[in-house]
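Below: one structure, written as structure tokens.
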Amino acid sequence: MTSKTPLPEPFLTPSGDPWLLTPGPLTTSLSVKEAMLRDYGSRDQVFIDINERVRRSLVEIIEGGDEFTTVPMQGSGTFAVEAMIGSLVPASGKLLVLVNGAYGERICKICSVYGRAFDKLSYAEDQPVSASDLDAALRADPAITHVAVIHCETTSGILNPVAEVAAVARAHGKSLLIDSMSAFGALPISSQDIHYDAVAASSNKCLEGVPGMGFVLVRKSVLEQCKGNSPSLVLDLHDQWVQIEKTTQWRFTPPIQCIVAFNRAIEEHRAEGGVAGRGGRYAENCRVLVEGMRKLGFQTLLPDALQAPIIVTFHKPVDPKFDFQKFYDELARRGFLIYPGKLTVADSFRIGCIGRMGVREIRVALEAIEAVLTEMGVQNCTPVAA
Ligand SMILES: *Cc1c(COP(=O)(O)O)cnc(C)c1O
């Protein structure tokens, strides 16, 4: 079933590029890329309609009805997260951040830069954050006004219990802000099931658009109270929202081709069956990937119950013949780009299961991995840390 010899030709995407087995930017469909081959006037009705459709569709994904609005933001995902924190947590507020990886730490950093009071509940990278700890922390410190949590902490690929966290935050009357960057569109986060005030994500992860914009879905009744909160001009969500509602225009040059491609990507998301369809394909990708890697002897950082079907962290093999740079380069030559590890606790690497690909591509990637291991003379893929 698996070939021991290197593939003669690299296995490439329909556009002739390597497959991106990364957490984003991701492999996008040819039709999403093709949507960018046009020029649009930002004040022309054609573009205005597309922009409004994107904003409305994103609210529909969380079943936000009239209660939520989409505030788009130029830049990468972190711009949207920074905009969310800076605009929603007032100078008089205090944010409690649930941290089990680099993206939780990044929210703490944003608070430091903005001079916002914050505290954190920290966990190891292979442990989910805890709703009962949150409950105790909120009892202990009445000064806390807001709570922030990462949906899927991409550092490890772990799924955090956002529904439980949301229930506790709500019981204490605290405002919950969610960074759902690497999960949005693939894992459910309906506002009908989970109570939160804002969720941030971006165009280039599970919605399979191209990089260039983030967005924050915010409860309107909350956003209305946020005028003047943001210490930043460009990252002011309230101002961006007011301007778009009043004039139909983003405040500063919108990333037009990115938005138009995003509109196309959202149509394809809908056609695939929305969150359930997209999440189902990724879950299959993840299952096949983990099963195949374990067959080769690799071990995952996380037990299956904690693993989000987004990106999988594998321990580096103990075998001295395993050289990550060579492994990376040889896989790249065969058409697959993987990702280095970001853990502080263990030597590892990561393989993503998101983007415009299915189990067929994952199976070919596994064949390529086996071929490269053979070529390197690696006999033992069990980890140092086991
Ligand atoms: C990707 C990601 C971000 C944003 O990263 P950018 O590099 O700024 O796009 C934020 N949070 C999480 C959990 C992510 O996975």
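Note that the structure is a prediction, hence the values are computed from the model and not measured. Just so you know, ligand 1 is whichever comes first in the structure, and atom 1 is the first atom listed for that ligand.
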Could you list the atoms of ligand 1 found under 4.0 angstrom from a heavy atom of [X]?
| X | value |
| --- | --- |
| R106 | 5 (O) |
| C152 | 13 (C) |
| S182 | 15 (O) |
| I150 | 13 (C) |

Cationic tip of K205 within the cone over Y103's six-membered ring, i.e. under 6.0 Å and within 45° of the normal?
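K205 over Y103 ring: yes.
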
Indicate yes or no: does [X] engage [Y] in a salt bridge with an N to O separation below 4.0 Å.
| X | Y | result |
| --- | --- | --- |
| E52 | R55 | yes |
| R278 | E208 | yes |
| R287 | E291 | yes |
| R334 | E330 | yes |

Heavy atom of the protein closest to [atom] (residue, atom name, distance):
| atom | result |
| --- | --- |
| atom 5 (O) of ligand 1 | T78 OG1, 3.5 Å |
| atom 13 (C) of ligand 1 | T154 OG1, 3.3 Å |
| atom 3 (C) of ligand 1 | M181 CG, 3.3 Å |
| atom 9 (O) of ligand 1 | G77 N, 3.0 Å |
| atom 11 (N) of ligand 1 | D179 OD2, 2.6 Å |
| atom 1 (C) of ligand 1 | K205 NZ, 1.3 Å |

Quick check against the 3.5 Å criterion: does E153 have a side-chain atom that pairs as donor or acceptor with the backbone of E125?
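It does not hold such a pair.
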
Any donor-acceptor pair under 3.5 Å linking the side chain of T70 with the backbone of L58?
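A pair under 3.5 Å: no.
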
For ligand 1 and Y103, I'd like to know whether there is a polar contact (N/O to N/O, distance under 3.5 Å).
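It does not: no N or O of Y103 is found under 3.5 Å from an N or O of ligand 1.
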
Ring centre gap for Y328 and F336 strictly below 6.0 Å:
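That pair fails the under 6.0 Å test.
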
